[in-house]
Q: 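To start, I am sharing the structure in question, which I have written as structure tokens.
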Amino acid sequence: MELKLQALTPLSLSGSRAQPAGREDLRQAAEGFESLFLTQLLKAGRAGLPGGDLLGSSGVDTARDMLDMELAKSSAGRAGLGIADAIERQFAPLVRDGKS
């Protein structure tokens, strides 16, 4: 059995990651981050409520988590928080237009 070893080459920043296709992907990623932020905000807000649930069970907790995720997903980019807009402005110079 013959074993061939090859030297490892360092990753370059330009070739190590796939480049986003354009501004649409950037907007989608920015809204995804805003959705994640809103989900965590809702989850933390619910955790701070006093008292226990009358129907406290893992099923109720799962349903509440799914509701929070859907609320956050539908609110991202439309809630007026400006997080997605700020992320898009910050990274827009780094993204190529999808036309080229």
Side-chain angles (χ1 to χ4, degrees):
M1 175 195 279
E2 186 175 321
L3 182 63
K4 293 184 180 180
L5 299 176
Q6 295 178 344
L8 295 175
T9 57
L11 292 175
S12 67
L13 288 177
S14 62
S16 62
R17 294 183 217 140
Q19 295 294 320
R23 303 244 184 239
E24 297 84 23
D25 287 345
L26 175 61
R27 183 65 192 181
Q28 185 178 3
E31 287 183 5
F33 180 80
E34 187 170 355
S35 173
L36 178 65
F37 177 80
L38 287 171
T39 300
Q40 293 301 316
L41 186 69
L42 289 170
K43 199 178 291 188
R46 288 198 193 275
L49 291 176
D53 287 336
L54 294 175
L55 302 171
S57 71
S58 64
V60 172
D61 292 340
T62 302
R64 188 174 293 130
D65 288 344
M66 290 188 328
L67 174 66
D68 289 346
M69 283 192 297
E70 287 302 315
L71 284 171
K73 196 183 303 181
S74 66
S75 299
R78 293 178 208 83
L81 294 176
I83 295 171
D85 295 333
I87 291 171
E88 191 174 12
R89 276 193 313 272
Q90 179 74 31
F91 290 102
L94 304 174
V95 176
R96 292 182 273 138
D97 284 331
K99 300 172 187 172
S100 56

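Quick note: numbers below take in every heavy atom, side chains included, and nothing from hydrogens, waters or symmetry partners.
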Q: Which heavy atom of A84 sits nearest to which heavy atom of A30, and what is that distance?
A: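 Answer, listing the atom of A84 first, then A30: O-CB, 3.5 Å.
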Q: State yes or no: do L38 and L67 share one hydrophobic cluster built from I, L, V, M, F, W and Y residues joined by side-chain heavy-atom distances below 4.5 Å, directly or via other members?
A: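 The answer is no; the residues belong to distinct hydrophobic clusters.
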Q: Ignoring hydrogens, what is the shortest heavy-atom contact between L26 and E88? Give both atom names and the distance.
A: CD2-O, 3.7 Å
Q: Would you find more than 12 non-hydrogen atoms of other residues, nucleotides or ligands less than 6.0 Å from Q28 atom CD?
A: no
Q: Verify the cluster assignment for F33 and L94: are they in a single hydrophobic cluster under the rule of side-chain heavy atoms below 4.5 Å apart?
A: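 Same cluster: F33 reaches L94 through Ile, Leu, Val, Met, Phe, Trp or Tyr contacts under 4.5 Å.
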Q: Taking all non-hydrogen atoms of both residues, which atom of A72 and which atom of L42 are closest, and how far apart?
A: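 Closest heavy-atom pair between A72 and L42: N-CD1, 4.5 Å.
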Q: Rounded at 0.5 Å granularity, tell me how far CG in L71 sits from NZ in K73.
A: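 Between atom CG of L71 and atom NZ of K73 there are 11.0 Å.
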Q: Do you know which two heavy atoms are closest between E34 and L81, and how far apart they sit?
A: OE2-CB, 3.6 Å
Q: Should the pair E24-R27 be classified as a salt bridge under the 4.0 Å nitrogen-to-oxygen rule?
A: no
Q: Working to the nearest 0.5 Å, report the span between CD of E31 and CG of L36.
A: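 E31 atom CD to L36 atom CG measures 13.5 Å (nearest 0.5 Å).
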Q: Any side-chain to backbone donor/acceptor pair from S74 onto E70? Under 3.5 Å, distance only.
A: yes
Q: Do Q90 and I87 have side-chain heavy atoms sitting under 4.5 Å apart?
A: no
